[in-house]
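This report concerns only the one structure given below.
Residue numbers start from 1 in every chain, and the chains themselves are labelled A, B, ... in the order their sequence lines are given, proteins ahead of strands.
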Amino acid sequence: MRAQIDNLLKEALAHFAAERGFTDAYDLDPRLERTRDPKHGDFTSNIALRLSKDLGNPPREIATTLLAFIPKSALIANVQIAGPGFINLTLTSKAYQRELTKILEAGSMYGCSNIGKGQRVLLEYVSANPTGPLHVGHGRHAAYGASLANLLRATGHDVHEEYYVNDAGRQMDILTVSVWLRYLQLLGLDLRFPANAYQGDYVREIAQKVQTTLGEKFVITDHTGLSKLLHADSADSEKLLDLLIAKAKEMLGQEKFSALLKEALSSVLTDIKDDLAEFGVHPQRWYSEHSLTEGGAIDRALKRLEEQKMLDVRDGATWFKATEYGDEKDRVVVRANGAKTYFASDIAYHFEKRERGFDLLLDVLGADHHGYVARVRAGLEAMSEPGDSLEVRLVQFVTLYRGREKVQMSTRSGEYVTLRQLRTEVGNDAARFFYVSRSNDQHLDFDLDLAKARSNDNPVYYVQYAHARVASLLRKMEEEGFRVEHSDMPELTCLTEEAEHTLLVSLSRYPEVLQLAAVNRAPQHLLQYLRGLSANFHSYYNAHRVLVEDAKLRNARITLALGTRQVLHNGLTLLGVTTPDNM
RNA sequence: GCCCCGAUAGCUCAGUCGGAUAGAGCGUCCGCCUCCUAAGCGGAAGGUCAGAGGUUCGAAUCCUCUUCGGGGCGCCA
């Protein structure tokens with residue numbers, strides 16, 4: 001709808017420009033907006049105000065000239081100049097009736113557009129270390145990323161979703177050692193378990209599984225050295241972990257250590273994949289960090305940097321001269337001990353994404369990662385890739401509440417609420433909905449009690465209920481022996497109530513909302529809209545009877561309800577929320 | 001010290017290329033509730049948009065400074 005009105009104004013502007021003898025010199029985008037106050041009509045443009053300065057004419061005069069050029073249209077009832085020079089357009093009721101028809105014709109495609117023009121987007125999100133179950137923070141990343149992917153697809157982007165698996169590096173080694181120690185304990189060895197190893201029960205479960213499937217493969221005969229290490233009072237507990245890792249590799253041998261690591265990794269990863277799948281999150285690819293090394297991507301990236309003379313050896317380590325690209329300090333890519341840093345994998349990974357032909361690398365990261373955005377961008381630029389091909393959206397933290405009471409969590413002790421627990425408690429729908437209810441760069445207070453409530457205070461319930469209410473109406477209609485005549489569109493001209501007009505206007509905004517939400521990477525706009533639409537529908541339902549005796553009016557009202565159901569369905573589906581017919 | 005995010009009604013928050021009289025939900029107050037199964041419905045009161053300057057025809061929105069709050073700054077991942 002907006003696009004149609006927009007075109008009319010653009011046409012007028014083209015005439016106007018031709019008459020005044022200028023063409024592309026000025027910004028001639030009408031920047032059509034919805035009015036806030038219905039007194040100002042339905043749409044408004046401030047183009048006359050914006051042109052006024054450049055043209056040296058008063059805005060109202062420009063507006064008057066422009067107004068004469070607006071083509072006649074069945075969609076526009078009235079055009080007025082108001083205030084300092086706004087052009088206000090009031091639409092005909094026919095325009096809204098047509099839009100309702102379009103909703104039902106387009107069905108699940110209603111609202112989709114091609115503003116993305118097929119841009120190839122690699123959306124990376126969650127990418128939690130595979131060292132334990134996902135917790136409620138990861139849930140927010142998952143819900144946000146998945147909704148964003150849906151929004152981008154609906155607006156014509158070619159989206160590829162990816163989860164980066166950090167399956168190399170120290171954290172995996174620590175997990176492996178944790179599993180190994182639990183495994184040895186299971187087999188009766190009396191060993192102390194370090195406080196900073198992975199504490200969760202899932203470590204014991206993996207150990208149990210290893211023992212069941214692989215038996216005593218990882219048993220060691222002489223464990224005095226290990227025991228001694230564990231009971232030594234080491235001041236530096238991190239150092240102890242490193243020593244333990246070295247000891248484990250030495251005692252088991254690299255091959256068995258790797259086998260154990262693989263077991264641990266696959267257990268955790270399987271759990272994460274199942275968890276996300278149940279949550280409606282399906283990355284197309286699980287990209288292994290390990291494969292970066294194997295595939296030579298790290299070497300290619302380093303070589304590229306070398307060619308650009310962007311590497312420097314100091315103190316035995318290899319540094320990337322990030323400062324030359326605006327970073328605050330240079331960054332190590334290869335440590336003095338020869339190990340490549342996490343940062344090296346990271347720029348290699350992003351470089352490799354570009355090699356795969358993606359236009360936009362869209363990363364969803366935790367707010368604690370903001371520091372490395374500049375680094376990775378610097379890396380891309382140093383490798384002659386455009387810095388703005390990387391876009392990062394940071395997700396702030398989640399705090400759980402039960403009513404007024406804060407739920408205490410501590411990642412360190414392994415006492416945190418998992419995503420699975422949350423989903424089990426409040427359900428997938430409420431979780432998906434609540435997670436994207438606030439802007440990603442705001443802290444989120446997640447109220448478990450509210451999310452579970454079956455009352456209108458609960459926004460997800462409220463919106464789903466609007467959908468169910470339509471279904472209920474249709475059932476009732478059948479019971480009463482009525483039916484919708486589909487032969488030709490019912491006479492929507494019967495929809496003359498104010499509440500009906502409000503609802504029609506709200507429905508017609510949906511495509512604009514999708515674009516706004518996609519462009520701003522802001523699913524909460526869609527959510528906010530759905531709440532408003534539901535409110536409009538509920539008020540309408542409360543004020544007016546749909547299943548009236550008059551067949552014409554009844555058909556028109558049912559059609560309006562069906563349109564509402566369609567838009568609610570389309571919107572909720574993009575957010576990963578189901579649309580029940582019964583509640 | 002440097003960097004990022006935030007501050008809007010009693011509470012939780014919308015307000016996204018600057019636009020006309022700043023919105024919603026909850027709570028409060030006042031009515032209503034024999035009605036398409038719907039745990040309710042309608043209305044009202046409620047604001048120094050943290051503060052101060054600036055840009056602009058026009059600022060909650062952009063810029064600068066200040067105050068307060070949250071987070072981040074490793075040859076960790």
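At the phosphate of B/rC36, neither OP1 nor OP2 sits under 4.0 Å from any side-chain N or O atom of A/Arg469. Residue A/Arg50 has no polar side-chain atom (N or O) positioned under 4.0 Å from OP1 or OP2 of B/rG58. OP1 and OP2 of B/rC36 both lie 4.0 Å or more from every side-chain N or O belonging to A/Ser472. Residue A/Lys340 places no side-chain N or O under 4.0 Å from the OP1 or OP2 atom of B/rC75.
Taking the P atom of each, B/rG27 and B/rU12 are spaced 15 Å apart, rounded to whole Å. Distance check on atom C1': B/rC13 versus B/rU56 gives 30 Å, rounded to whole Å. Nucleotides B/rC4 and B/rC63, compared at atom P, are 12 Å apart to the nearest Å. Between B/rG25 and B/rG43, the two P atoms lie 10 Å apart (nearest whole Å). Between B/rA24 and B/rA9, the distance separating the two P atoms is 14 Å to the nearest Å. Spacing between B/rA60 and B/rG47 at atom C1', rounded to whole Å, works out to 11 Å. If you take atom P in B/rC30 and the same atom in B/rA45, they sit 15 Å apart, rounded to whole Å. Distance noted for atom C1' between B/rG15 and B/rA59: 14 Å (whole Å).
Within the structure, side-chain hydrogen bond (donor to acceptor under 3.5 Å, both in side chains) pairs that include any residue of residues 310-321 of chain A comprise A/Asp312-A/Arg314 (at least two apart or interchain).
Looking at which nucleotide of RNA chain B each of A/Ala543 and A/Trp319 is closest to, the 5′-most match is held by A/Ala543. Nearest-nucleotide mapping onto RNA chain B: of A/Ser437 and A/Asp330, the residue sitting toward the 5' end is A/Ser437.
Residue ring and nucleobase are stacked for A/Tyr541 and B/rC36, with a centre distance beneath 5.5 angstrom and an angle between planes beneath 30°.
For A/Gln524 against B/rU16, a side-chain-to-base donor-acceptor contact under 3.5 Å is present. For A/Tyr461 and B/rA39, a side-chain-to-base donor-acceptor distance below 3.5 Å is present, hydrogens and geometry of angles not being considered.
Contacts of A/Asn582 with the nucleic acid, taken as non-hydrogen atoms under 4.0 Å apart, include base atoms. Heavy atoms of A/Met172 sit nowhere under 4.0 angstrom from any nucleic acid atom. A/Ala344 comes within 4.0 angstrom of nothing in the nucleic acid, heavy atoms only.
When ring centroids are compared, A/Tyr462 and A/His538 come within the 6.0 Å threshold. Taking the six-membered ring where the residue is Trp, the centroids of A/Tyr144 and A/Tyr125 are separated by 6.0 Å or more. A/Phe446 and A/Tyr401 have their aromatic ring centers separated by at least 6.0 angstrom. Between A/His544 and A/Tyr540, a ring centre-to-centre spacing shorter than 6.0 Å is recorded.
Under a cutoff of 6.0 Å and an axis angle of 45°, A/Lys353 and A/Phe351 do not form a cation-pi pair.
Atom CG in A/Leu292 sits roughly 14 Å away from atom P in B/rA77 (whole-Å rounding). Atoms OH (A/Tyr540) and P (B/rG40) sit 23 Å apart, rounded to a whole Å. With rounding to whole Å, A/Arg375 atom CZ is found 12 Å from B/rA77 atom P. Residue A/Asp242 contributes atom CG, which lies 15 Å from atom P of B/rC75 at whole-angstrom precision. Here the P atom of nucleotide B/rC17 and the CD atom of A/Glu33 are 7 Å apart, to the nearest Å.
Counting heavy atoms from C-beta on, the side chains of A/Thr131 and A/Met172 come closer than 4.5 Å. Considering only heavy atoms from C-beta on, A/Val333 comes within 4.5 Å of A/Leu311 through its side chain.
The existence of a salt bridge linking A/Asp299 and A/Lys340 is confirmed by a sub-4.0 Å separation between a basic side-chain nitrogen and an acidic carboxylate oxygen. Comment: A/Lys10 engages A/Asp6 in a salt bridge, judged by a side-chain N to carboxylate O separation of less than 4.0 angstrom. Under 4.0 Å is where a charged nitrogen must lie from a carboxylate oxygen, and between A/Arg393 and A/Glu391 at least one such pair does. Salt-bridge check for A/Arg34 with A/Glu512: passed, with a basic side-chain N closer than 4.0 Å to an acidic carboxylate O. Salt-bridge formation is not detected for the pair A/Asp447/A/Arg402: no Lys NZ or Arg NE/NH1/NH2 atom is positioned less than 4.0 Å from an Asp or Glu carboxylate oxygen.
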Give me the distances for all protein-to-nucleotides 26-32 of chain B N/O pairs that come in under 3.5 Å?
none

Nucleotide N/O to protein N/O under 3.5 Å, stretch nucleotides 20-24 of chain B:
residue, atom, partner, partner atom, Å
B/rA20, OP2, A/Arg36, NH1, 3.3
B/rA20, N6, A/Thr44, OG1, 3.0
B/rA20, N6, A/Asn88, OD1, 2.7
B/rA20, N1, A/Asn88, ND2, 3.2
B/rU21, O4, A/Lys39, NZ, 2.4

Pull out every protein N or O sitting under 3.5 Å from an N or O of nucleotides 67-71 of chain B, one pair per line with the distance.
residue, atom, partner, partner atom, Å
B/rG70, O2', A/His443, NE2, 3.1
B/rG71, N2, A/His370, NE2, 3.0

### Query
Are A/Asn458 and A/Phe434 close enough, and set up right, to give a side chain to side chain contact (heavy atoms under 4.5 Å, CB included), and what steps lead you there?
CA-CA 10 Å; A/Asn458 181 351; A/Phe434 273 62; 3.5 Å; yes

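In this structure, the side chain to side chain contact (heavy atoms under 4.5 Å, CB included) partners of A/Val546, at least two apart in sequence or on a different chain, are A/Leu473, A/Arg557, A/Ile558.
Crowding of A/Glu480 atom CD: a count of heavy atoms from other residues, nucleotides or ligands under 6.0 Å exceeding 12.
Taken together, the paired segments of RNA chain B that extend over three or more consecutive Watson-Crick or G-U pairs, each closer than 3.5 Å at both contacts, are B:1-7 with B:67-73, B:10-13 with B:23-26, B:28-32 with B:40-44, B:50-54 with B:62-66.
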